[in-house]
Amino acid sequence: MALVFPFHPRVTVTLLVLLSVLSLAAGGKLLVVSVDGSPWFSTQELLGILRRKGHEIVVVAPEVTLHLKPSENFALKTYPVPFTQDEMDGNARAFFKDAFEEGSFLERFFRLQEKLKILTESAFITCEQLLNNKEIIRYLEESKFDALFTDPVFPCGAILAEHLSIPSVYFARGMPCGLDSEATQCPSPPSYIPRPFTGNADRMNFLQRAKNILVDASNLFLCNFFFQPYEKLASEFLQRDVTVLELLRKASVWLLRYEFVLDYPRPMMPNMIALGGINCAHKQLPQEFEAIVNASGEHGIVVFSLGSMVSEIPMKKAMEIADALGSVPQTVLWRYTGEVPPNLPKNVKLVKWLPQNDLLAHPKTRAFITHGGSHGVYEGICNAVPMVIMPLFGDQMDNAKRVESRGAGLTLNILEMTSKDISDALKAVINDKKYKENIQRLSDLHLDRPIHPLDLAVHWVEFVMRHKGAPHLRPAAHDLNWIQYHSLDVIAFLLAVVLLFLFISLKCCMFCCRRCCSKKGRKSKSKSKTH
Ligand SMILES: *[C@@H]1O[C@H](CO)[C@@H](O)[C@H](O)[C@H]1NC(C)=O
């Protein structure tokens, strides 16, 4: 006791009172601008902890959302949008269903682009509705927030942070068209940092590096397509000309769902925090699921989910999958809400929802069939469960490639896979010890860390609220123009000095030579005269 409180009792009491007052004063006010979709799940967990630590949280979201629902942890401010829940669900469903539709590469590319356009357009309309909603904007102006938390992929939050003059914390896996490295000023050499969607790893041959650079070039157009509308909207709303890049560069801290067990080693800026595995906090497995796992016997279970967005699969494909699942002795828990395949084997249980991470954490879980979203892949790694990955779109192909290249799972092509392919892959990851060993090694490395990513995220959000941003972490690169950043002016100057020096030396030489020659000439002339 004497060691803990080495002060006079009255001093101790004063200290305790001071501490409690300080912890009260630490309660800040955080504004969250709708991060819908699967990132919302980890955001929600983070907000729960912040709430328990005494912070006040306001989430701004459209009336129609996919996963974002009210909670006691935050006040939800909604605003109307010109589409219904059915329309939104329909669009999302159509988008994911498309991944299973066959066709040539180009056909699929254009179809995907069309669907993507619908999704990004509805996100843009949502942003427009928020910024044009006078009532909400006035409310936000009047409530003095300490910081804003947002996913920068749709830059609505960034625009709002600028308008309210509050520091912002970004939470993302990456940005479309590589805008994140531009916005953070983080070096990203295409020689060893694979670009998203290229299927490249960090060690690339000449052609792969060429592909990387071509992707960088095409990103210039893609960025324009994606962010141009926001630039116009932001300029109108803020009443001055701004670019999206300029707004994104003001972020105080980037919380990135990276981790170097899955992602390749690369430079990071001091305000970029790697938070991969943030979604792996364990809870109690619900009774009904524990009963299923207990009943599975010595063979254990397989967890199968293609994410919260895929609700149906074409029946032909679903039957093939069902057929393959029947070939293993494990009990398969399949999260699926579509029409039940008529050939569903006895060992397969269809469920509308499953506690994915808690099931994966169970020692009886033998394999995980996933679409390869970053959340799912991290849950596989945290819990050391070998994976069979069926990537559908986006970063999922890259995630799958990373897991496969580390020998911790197998990847299947969702369009080409046959029942036998699925069954072979599943049996391999369950029975071949090397997959379990590799994922166990990844898991051990991943979990050997000084602090849980969730606590790290809490720390940085509180840090930004306490210190009104983190300008000390902002690299001066942001204040340089393109010429200065690459030191082209200095190189040009030094080159000019060298050239000038060479030129003068040359002139001197020529002058000396000429004098020498003319002297010799005169001498030889005078010699010939004497003869
Ligand atoms: C499952 O098995 C464990 C260990 O045998 C036991 O503690 C638990 O109560 C069982 N759960 C259910 C729901 O049967």
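Start at 1 and go down the list; that is how both ligands and their atoms are numbered. None of these values were measured; they are calculated from a predicted model.
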* To do: Could you say whether the N/O atoms of Asn294 and ligand 1 ever approach to under 3.5 Å?
  => yes
* Any protein heavy atom < 4.0 Å from atom 2 (O) of ligand 1 -> yes
* Nearest protein heavy atom to atom 14 (O) of ligand 1: under 4.0 Å? -> yes
* To do: Check ligand 1 against Gln287 and write out every atom of the ligand that is under 4.0 Å from a heavy-atom position of the residue.
  => 13 (C)
* **Partner of Trp254 by ring-ring contact (aromatic ring centres under 6.0 Å, His included), out of Tyr170, Phe149, Phe171** => Tyr170
* Asked: Looking at Gln44, Arg51, His55, which one forms a side-chain contact (heavy atoms from CB on, under 4.5 Å) with Asn73?
  -> Arg51
* Spatial distance of atom CD1 (Ile389) from atom CG (Leu306) [nearest 0.5 Å] -> 11.5 Å
* Main-chain N/O of Thr331 paired with Ser296 side-chain donor or acceptor, under 3.5 Å -> no
* Asked: With no hydrogens and no angle check, is any side-chain donor or acceptor of Gln396 less than 3.5 Å from a backbone partner on Gly373?
  -> no
* Nearest neighbour in protein (non-hydrogen) for atom 7 (O) of ligand 1 -> Glu290 OE2, 4.9 Å
